[in-house]
Peer 1: 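Provided herewith is a single structure, encoded as structure tokens, for subsequent inquiry.
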Amino acid sequence: MQMQAPKGTLDILPALSPRWQYLEEHMRAACACCGYREVRTPVFEHTELFLRGVGDTTDVVQKEMYTFNDKGNRSITLKPEGTAGVVRMLLEHSLYAEPMPIKAYYLNNPCFRYEKPQSGRMREFHQFGLEAFGAANATLDAEQIALAWELLTKLGLSDLRVHINSIGCPGCRPAFHAKLKDFLSQRLGNLCATCNERFERNPMRILDCKSPVCQEQLHGAPSILDCLCDECNTHFLDLQEALGALDVPFTIDDGIVRGLDYYTKTVFEIIYDAPTGPLTLTGGGRYDGLVEMLGGPALAGVGFGMGMERVLAAMEAQGVLPPVEPLVDVFVCVQGTPVRVPALVLTTGLRRAGLRADTDYVGRSLKAQFKYADKCAARYVVVLGEQELESGNIKLRNMATREEHELPLADAPRRIADIVQADK
RNA sequence: GUGGGUGUAGUUCAGCGGUUAGAGCGUCAGAUUGUGGCUCUGAAUGUCGUGGGUUCGAUUCCCACCAUCCACCCCA
């Protein structure tokens with residue numbers, strides 16, 4: 001047996017969980033003030049949901065899904081993204097009968113993609129994301145982009161760029177596809193192999209190709225922004241106006257096309273410029289056709305996903321992680337075996353008084369207990385030995401100032417709680 | 001899926017075709033038996049990634065596999 005986590009997965013160790021919790025707190029706070037409520041959907045869904053929702057021509061569906069048959073011979077897939085499951089939930093429980101818009105967020109949402117791991121890319125990763133249904137207005141798109149932007153900046157991140165684009169709707173996109181294919185047809189021989197495949201399947205993705213060879217060929221290519229219908233164009237202008245009014249800096253980037261099929265109109269990314277290269281922290285957009293495509297009513301939708309591991313990596317790179325919190329307020333040192341239970345009683349009393357308290361369980365020397373308390377960053381230490389039991393008095397030592405208060409043992413939890421609280 | 005780098009203690013890494021494989025950090029213990037941070041002393045922990053091959057002899061050289069990291073691809 002190989003005692004090793006599967007490829008592309010990560011353990012969150014005790015020392016690292018506080019930074020996740022810190023991130024979660026900020027995300028929840030950001031959602032709460034915008035009226036988004038948390039939802040939790042299953043880790044796996046019927047494979048068909050993703051085939052239809054994400055799109056069966058996408059790379060995510062074609063080669064990155066964790067798909068298997070369960071014992072009832074159902075095809076099951078571990079979710080590769082967050083939106084499809086939320087839409088399924090919406091339909092299954094007829095949430096669209098509630099007042100619009102329906103605003104939902106998810107946090108620590110585990111997603112799975114079978115890819116070769118590298119920095120910022122795990123096989124299991126966690127997304128924070130928003131979905132809002134039932135409102136077509138671009139102010140909603142702007143609200144979400146602003147929420148993501150303010151969240152990231154509030155976390156202390158800088159070197160961020162917001163890129164927005166509109167990829168039109170089923171009404172105007174075909175015209176763009178035709179124009180683009182017309183432009184590309186004369187240059188096919190110069191494009192990379194992948195792009196030649198994309199030409200028939202999804203020509204818009206060629207714009208997204210990172211190959212310098214292909215980029216070279218794309219000079220003078222038609223822009224989707226010149227082909228938008230009136231409705232999409234107005235929507236895009238509304239979005240820009242709203243973002244401007246909210247002081248969210250943004251760049252129009254007609255190269256953003258996104259890899260998931262369900263997007264319409266708005267698409268956006270928030271990119272962090274790491275020293276090693278750009279990293280997309282957040283990606284999302286509008287998907288007005290998705291709910292209907294999955295068998296529901298015609299219902300507009302907007303959402304984004306934010307990679308939690310990537311945000312944490314950016315925070316680490318920029319040194320804006322939260323400071324390490326002390327583990328305990330008060331450490332109770334035990335001097336002598338007969339005192340073991342009274343020490344636990346005192347520790348428990350301190351905990352009941354609302355303090356973070358700990359004691360010795362391994363029988364260390366007093367000196368070693370002080371060292372241990374120091375490593376836990378304990379702010380106070382109490383020594384409980386036979387002397388204290390006899391006299392009924394204990395000394396509370398402030399580890400920073402070395403001052404000691406003498407207190408009656410009987411009333412210790414309340415007295416100590418007062419002192420510690422006053423000190424905070 | 002393609003290409004490249006790296007696998008030695010808990011961790012970061014030295015090291016060498018030849019006896020019992022090392023260091024810093026960390027852990028544990030001690031520095032006259034009831035008081036921490038600094039310092040000093042000591043201790044424990046290794047199938048040298050796995051399996052083959054070359055060799056009198058391999059942790060060291062070669063091959064394969066596995067893992068990991070990085071880039072491409074893709075994306076959060």
Peer 1: Does the side chain of A:Ile164 reach to within under 4.5 Å of the side chain of A:Thr251, using non-hydrogen atoms?
Peer 2: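 Not touching, per the 4.5 Å side-chain cut-off.
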
Peer 1: Can a cation-pi geometry be assigned to A:Arg123 and A:Tyr114, taking NZ or CZ under 6.0 Å from the six-membered ring centre and within 45° of the ring axis?
Peer 2: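 Yes, A:Arg123 and A:Tyr114 form such a contact.
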
Peer 1: Find which nucleotide of RNA chain B each of A:Ala378 and A:Thr9 is nearest to by heavy atoms, and output the residue with the more 5' nucleotide.
Peer 2: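 Final value for this comparison: A:Ala378.
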
Peer 1: What is the distance, to the nearest angstrom, from the NZ atom on A:Lys116 to the C1' atom on B:C66?
Peer 2: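 That distance rounds to 13 Å.
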
Peer 1: Just call it for A:Glu64: base, sugar-phosphate, or nothing, with non-hydrogen atoms closer than 4.0 Å on any strand.
Peer 2: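 Touches sugar-phosphate only.
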
Peer 1: Treating A:Thr47 as the side-chain partner and A:Ser75 as the backbone partner, does any N or O pair qualify as donor plus acceptor under 3.5 Å?
Peer 2: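 Yes.
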
Peer 1: Validate the cation-pi geometry between A:Arg364 and A:Tyr372: distance from NZ or CZ to the six-membered ring centre under 6.0 Å, angle to the ring axis within 45°.
Peer 2: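 Yes, cation above the ring, under 6.0 Å and within 45°.
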
Peer 1: Would you measure the distance from the P atom in B:C56 across to the matching atom in B:C16 and give it in whole Å?
Peer 2: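 Those two atoms are separated by 24 Å.
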
Peer 1: Would you kindly check whether a donor in the side chain of A:Arg310 faces an acceptor in the base of B:C75, or vice versa, at under 3.5 angstrom?
Peer 2: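 By the distance-only test, yes, there is a pair.
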
Peer 1: To the nearest Å, give me how far apart CD (A:Gln62) and P (B:G1) are.
Peer 2: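 Those two atoms, CD and P, are 16 Å apart.
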
Peer 1: Strictly under 6.0 Å, is that where the ring centroids of A:Phe331 and A:Phe370 end up?
Peer 2: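 That pair fails the under 6.0 Å test.
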
Peer 1: Would you please say whether a donor-acceptor pair under 3.5 Å links the side chains of A:Asn393 and A:Glu388?
Peer 2: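 No - no donor-acceptor pair under 3.5 Å links their side chains.
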
Peer 1: Measure from NZ or CZ of A:Arg187 to the centre of the six-membered ring of A:Phe183 and say whether it is under 6.0 Å with the direction within 45° of the ring axis.
Peer 2: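 Yes, cation above the ring, under 6.0 Å and within 45°.
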
Peer 1: Determine the interatomic distance between P on B:G24 and the same-named atom on B:G42; round to the nearest Å.
Peer 2: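 Here B:G24 and B:G42 have their P atoms 11 Å from each other.
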
Peer 1: Over how many whole Å does the gap from A:Ile270 atom CD1 to B:C75 atom P extend?
Peer 2: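 Whole-Å distance recorded here is 18 Å.
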
Peer 1: Could you measure between the two C1' atoms, the one in B:G46 and the one in B:A9, and give it in whole Å?
Peer 2: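 Their C1' atoms lie roughly 5 Å apart.
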
Peer 1: Can you tell me, in whole Å, how much space there is between the P of B:C48 and that of B:U59?
Peer 2: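 Nearest-Å result for B:C48 against B:U59 at atom P: 7 Å.
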
Peer 1: Using atom C1' of each nucleotide, how far apart are B:A23 and B:U8 to the nearest Å?
Peer 2: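 Nearest-Å result for B:A23 against B:U8 at atom C1': 13 Å.
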
Peer 1: Tell me, which pairs form a salt bridge (Lys or Arg N to Asp or Glu O under 4.0 Å) where one or both residues lie in residues 366-375 of chain A, sequence neighbours left out?
Peer 2: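 Those involving residues 366-375 of chain A do not exist here.
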
Peer 1: Shortest non-hydrogen contact from A:Val320 to A:Gly156?
Peer 2: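 Answer, listing the atom of A:Val320 first, then A:Gly156: CG1-O, 3.4 Å.
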
Peer 1: Base, sugar-phosphate, or nothing for A:Met308, non-hydrogen atoms under 4.0 angstrom?
Peer 2: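 A:Met308: no heavy atom of the nucleic acid under 4.0 Å.
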
Peer 1: Describe the nucleic acid contact of A:Glu404 in one word from base, sugar-phosphate, nothing, applying a heavy-atom distance below 4.0 Å.
Peer 2: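 Since a base atom lies under 4.0 Å of A:Glu404, the category is base.
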
Peer 1: Restricting both atoms to N or O, compile the protein contacts to nucleotides 25-31 of chain B shorter than 3.5 Å, with distance only.
Peer 2:
from  : atom 1 : to       : atom 2 : distance (Å)
B:C28 : OP1    : A:Arg364 : NH1    : 2.9

Peer 1: Looking at A:Lys7 and B:U68, is any side-chain donor or acceptor paired with a base atom of the opposite kind under 3.5 Å?
Peer 2: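 Answer is no: no donor-acceptor pair is held.
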
Peer 1: To the nearest Å, give me how far apart NZ (A:Lys395) and P (B:U35) are.
Peer 2: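 For the pair A:Lys395 NZ and B:U35 P, the rounded distance is 11 Å.
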
Peer 1: Looking only at atom C1', what distance separates B:A71 and B:U12, rounded to whole Å?
Peer 2: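 To the nearest whole Å, 25 Å.
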
Peer 1: Counting only side-chain heavy atoms from C-beta out, which of B:C73, B:U35, B:G34 sits nearest to A:Gln335?
Peer 2: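 Closest of the options to the side chain of A:Gln335: B:G34.
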
Peer 1: For residues A:Glu269 and A:Thr282, is any side-chain donor paired with an opposing acceptor at under 3.5 Å?
Peer 2: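 There is no such pair between these side chains.
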
Peer 1: Determine the contact category for A:Gly120: base if any of its heavy atoms lies under 4.0 Å from a base atom, sugar-phosphate if only primed atoms, P, OP1 or OP2 are that close, otherwise nothing.
Peer 2: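 Answer is base: heavy atoms of A:Gly120 come under 4.0 Å of a base.
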
Peer 1: Whole angstrom is fine here: how far is it from CG in A:Asp374 over to C1' in B:G37?
Peer 2: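 Computing the A:Asp374:CG to B:G37:C1' distance gives 5 Å.
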
Peer 1: Could you tell me whether the side chain of A:Gln387 has a donor or acceptor atom within less than 3.5 Å of a complementary atom in the base of B:G34?
Peer 2: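 Check passes, donor-acceptor contact within cut-off.
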
Peer 1: I want to check one thing: is the phosphate of B:C70, taken as OP1 and OP2, less than 4.0 Å away from some side-chain N or O of A:Ser119?
Peer 2: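 So the side chain of A:Ser119 is within the cut-off, an N or O lying under 4.0 Å from OP1 or OP2 of B:C70.
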
Peer 1: Minimum heavy-atom separation for A:Glu124 to A:Pro110, with atom names?
Peer 2: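 For A:Glu124 and A:Pro110, the tightest heavy-atom pair comes out as OE2-CB, 4.0 Å.
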
Peer 1: If a pair means Watson-Crick or G-U wobble with both distances below 3.5 Å, what does RNA chain B look like in dot-bracket form, with | marking bases paired to a different strand?
Peer 2: (((((((..((((....[...)))).(((((.......))))).....(((((..]....))))))))))))....

Peer 1: A:Arg402 CZ to B:C38 C1': how many Å, rounded?
Peer 2: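 Roughly 11 Å, once rounded to whole Å.
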
Peer 1: Show the numbers, then the answer: is there a side-chain contact (heavy atoms from CB on, under 4.5 Å) between A:Leu346 and A:Val382?
Peer 2: CA-CA 10 Å; A:Leu346 175 58; A:Val382 168; 3.9 Å; yes

Peer 1: Is the shortest side-chain N/O distance from A:Gln127 to OP1 or OP2 of B:A76 below 4.0 Å?
Peer 2: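 Answer no for this pair, as no side-chain N or O of A:Gln127 is under 4.0 Å from OP1 or OP2.
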
Peer 1: Without decimals, in angstroms, what is the distance between A:His163 NE2 and B:C75 P?
Peer 2: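 For the pair A:His163 NE2 and B:C75 P, the rounded distance is 17 Å.
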
Peer 1: Of the nucleotides B:G37, B:A76, B:G1, which has the atom closest to the A:Tyr114 side chain?
Peer 2: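 Among the listed nucleotides, the one closest to the side chain of A:Tyr114 is B:G1.
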
Peer 1: To the nearest Å, how far apart are A:Gln118 CD and B:G4 P?
Peer 2: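 To the nearest whole Å, that distance equals 16 Å.
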
Peer 1: With rounding to the closest Å, how many angstrom separate the P atoms on B:U45 and B:C62?
Peer 2: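 Here B:U45 and B:C62 have their P atoms 32 Å from each other.
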
Peer 1: Is the shortest side-chain N/O distance from A:Gln4 to OP1 or OP2 of B:A67 below 4.0 Å?
Peer 2: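 Checking A:Gln4 against B:A67: no side-chain N or O falls below 4.0 Å of OP1 or OP2.
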
Peer 1: Write down the distance separating the P atoms in B:U55 and B:C73, rounded off to the nearest Å.
Peer 2: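 46 Å, rounded to whole Å.
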
